[in-house]
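Report on the structure given below.
Worth knowing before you read on, the calculation uses all heavy atoms, side chains too, and leaves out hydrogens, waters and symmetry mates. Keep in mind the model is a prediction, meaning the values are calculated, not measured. In what follows, every chain begins at residue 1, and chains take the letters A, B, ... in the order their sequences are listed.
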Number of protein chains: 2
Amino acid sequence: MNRPAFRNWQTVQEEVLRRIHAREWKPGDLIPNEADLAEEFGCARATVNRALRTVAESGLLDRRRKAGTRVALQPVAKATIDISLIRQEIEARGQKYGYQLISRRLQEPPAQVSGALQVPMTTRMLHLSALHLANDAPYAVEDRWINTATVPTAVNEGFETISGNEWLLANAPYTHGEIAFSAAAATKEEARLLGCPLHAAVFVIDRLTWDHAVSVTKVRLTFAPGHQLRTAL
Amino acid sequence: MNRPAFRNWQTVQEEVLRRIHAREWKPGDLIPNEADLAEEFGCARATVNRALRTVAESGLLDRRRKAGTRVALQPVAKATIDISLIRQEIEARGQKYGYQLISRRLQEPPAQVSGALQVPMTTRMLHLSALHLANDAPYAVEDRWINTATVPTAVNEGFETISGNEWLLANAPYTHGEIAFSAAAATKEEARLLGCPLHAAVFVIDRLTWDHAVSVTKVRLTFAPGHQLRTAL
DNA sequence: AGAATTATTATGTACATACATAAAATCATT
DNA sequence: AATGATTTTATGTATGTACATAATAATTCT
C-alpha cells in the first residue's frame, strides 16, 4: 500500500488536473477542502494551496472563501500573448530585421487621437510613421503618436535608426494600457508601404499606454497580409 | 522615524513596481536579494518572494537562482485574452444571442484539416457550419471539424440548438491547444452569411485542441467586419 | 416570521525555519 | 592556462503554526 506521495506543488497540481480531466471531479463539483487534500496527499496545506491557486489562475477552478473550491462550469480559456518588440519577433524566427523611418512630424493630432490620449486638440504631438522589414520584405507599418507633454525628450530623438517601439520601451515607462486586435482593409499608404493590393485584408494591433494618469503613446501596427498571431492555449 | 511597514505581499509588490517605474531600479539593474529586502521591508522572506515572483510572472523582472533578480531590460508585455463562449461574449454586452445551424455533415476532411488533426484522410469527421448572432445581426461564422474518433458521442448530437463551441466545452475536455489570430478576406459563403461584401476584411480566430495525444476539434471563427478583440495590458 | 447578531468554516496569507537546487565563483589539479 | 571538483549563494519550495477575511450557517432577538 504505497501511497503515491504528492510532495511538491507541481505534482499536486498535476494530480488535480488529472482528476478534473478524468472527470473524477466534474464541472460544478465541490472538491475536498485544502486540509483534507493535504492529508490525502501527505503534504502541507500550503502546498495544496499553492497548487490549487495556480490551477484557479488558469481558469479551471473557482475558489471562494468559505464556499470552497469547485471545478469551473465553463472554463474560460486564457490565451497569453507575449507582445515583444517587432525586432525580437523577427530575429527570433532567424530572419534579418530592417527598419525604415517614413516620416517624423510635430503636428496637431486628429480629434480621434487627441481624444484617445486625452490631450487638448491644439497640442502638437510627435507623429511617427515607420516600416519594419523581415529579410528586406515589408513586415509591418508602425503609425505612432507620442504625447510630448509626457515624454518631452522624444522630440530630441530622430528615430532614423531606432523605432518608436524600442525607444519608448527604454525611455518611457508605462503603468498600464490597452491593446486591441482587429482586421482592416489596407489604406492606400499602407498598401504602398507593404507592397500589397489596396484594401487587402491586414491584421492590425492598436495599443494605447498610460503612465498613471497621463497618456504616453498610441500606436497602430499594420501587418503585411498573411500575418498570424499565434499562441499556445 | 516610522518605517512604512510593507507587511503583506501586495504592498511589497506595489513598492517594487513603484521603484521600477520611478527608475530607482533601472532596466538591467540587479536588485537586492530577498533576505535584504525582507529586512528592509520588515517582513518575512516568503512575503518578498511571493511579491517578486508575481512581478516576474508579469515580465518586469528576471529571476535566476544564484544570479539574483534584475529588472527586465525589455519587459515583454503580456496580454491575457479570455476566450469565452461567444454566447457569453454577446450576453456580457447586453445583447441578445442568437444561433443558427447552417450545415451538419459527416464527411471526409480536406487534406489541410486531416493533416492538422492528424487523422487519416479517409476518416469521416463531423463538419459543422453555424452562425452566431447578436441582436439578430450576424456576429460570427463558425466552421468546425470534430474528430469523431475522439468524441464519438458528437454524432448523436444534432447541434440545431446548441453550438459546437458550447457542446464540446461540456462534453469533450481538452488538455492543450493552439490559437491563432489573423485577418482574411471574406469568402463568398462568409460574405453571404455575415451580410458583408465579398473580400471584406474580417477578423479570424483559428483554434485547434487536443486531448493528450489525440486531436479533438479544429474551429475557425470568422467575425463580421469591424470586430475587435481587446484587452487590458 | 423576519431581521439582526453571532458562530462556523474554507480560503488567504504571514512567518520562521529548514532544506533543495541551480549557477556562479573559487580552488585544486593537471 | 585549461580543466575539473568544490564551495558559496540566491532563489525555490516544503512545513507547522497562527491569524485574517469573507461568506455561509446558525442563533437570538424583536
Contacts satisfying salt bridge (charged side-chain N to carboxylate O under 4.0 Å, His left out) that involve residues 74-91 of chain A (not counting sequence neighbours) are Arg87(A)-Glu91(A), Arg87(A)-Glu166(A)

What residues form a ring pair (Phe, Tyr, Trp, His ring centres under 6.0 Å) with Trp167(B), not counting sequence neighbours? Phe159(B)

Strictly by salt bridge (charged side-chain N to carboxylate O under 4.0 Å, His left out), give each pair with a member in residues 48-68 of chain B just once, sequence neighbours left out. Glu34(B)-Arg63(B)

Suppose the criterion is salt bridge (charged side-chain N to carboxylate O under 4.0 Å, His left out): which pairs have a residue in residues 142-162 of chain A, not counting sequence neighbours? Glu142(A)-Arg144(A)

Contacts to DNA chain C from residues 57-68 of chain A, heavy-atom cutoff under 4.0 Å, which residues? Arg63(A), Arg64(A), Arg65(A), Lys66(A), Gly68(A)

Salt-bridge contact Arg207(A)-Glu178(A) (side-chain N to carboxylate O under 4.0 Å): no

Residues which pass ring pair (Phe, Tyr, Trp, His ring centres under 6.0 Å) with Phe181(B), listed by chain and number, not counting sequence neighbours: none

Nucleotides bounding contact with chain A, strand DNA chain D, heavy-atom threshold 4.0 Å: dT13(D) to dT24(D)

Under 4.0 Å, counting only non-hydrogen atoms across every strand here, what does Arg45(A) touch: a base, just sugar-phosphate, or nothing? base

With sequence neighbours left out, write down each residue that passes side chain to side chain contact (heavy atoms under 4.5 Å, CB included) with Ala224(A), or none if nothing qualifies. Leu194(A)

Among residues two or more places apart or on two chains, list those pairs meeting salt bridge (charged side-chain N to carboxylate O under 4.0 Å, His left out) that have a residue in residues 131-140 of chain B. Lys96(B)-Asp136(B)

Residues in contact with DNA chain C, drawn from residues 23-37 of chain B - heavy-atom cutoff 4.0 Å: none

Trp9(A): which residues meet the ring pair (Phe, Tyr, Trp, His ring centres under 6.0 Å) condition with it, sequence neighbours left out? none

Pairs where residues 12-22 of chain B contributes a residue and the test side chain to side chain donor-acceptor pair (under 3.5 Å) is met, not counting sequence neighbours: Glu15(B)-Arg18(B), Glu15(B)-Arg19(B), Arg18(B)-Glu24(B), Arg19(B)-Glu40(B)

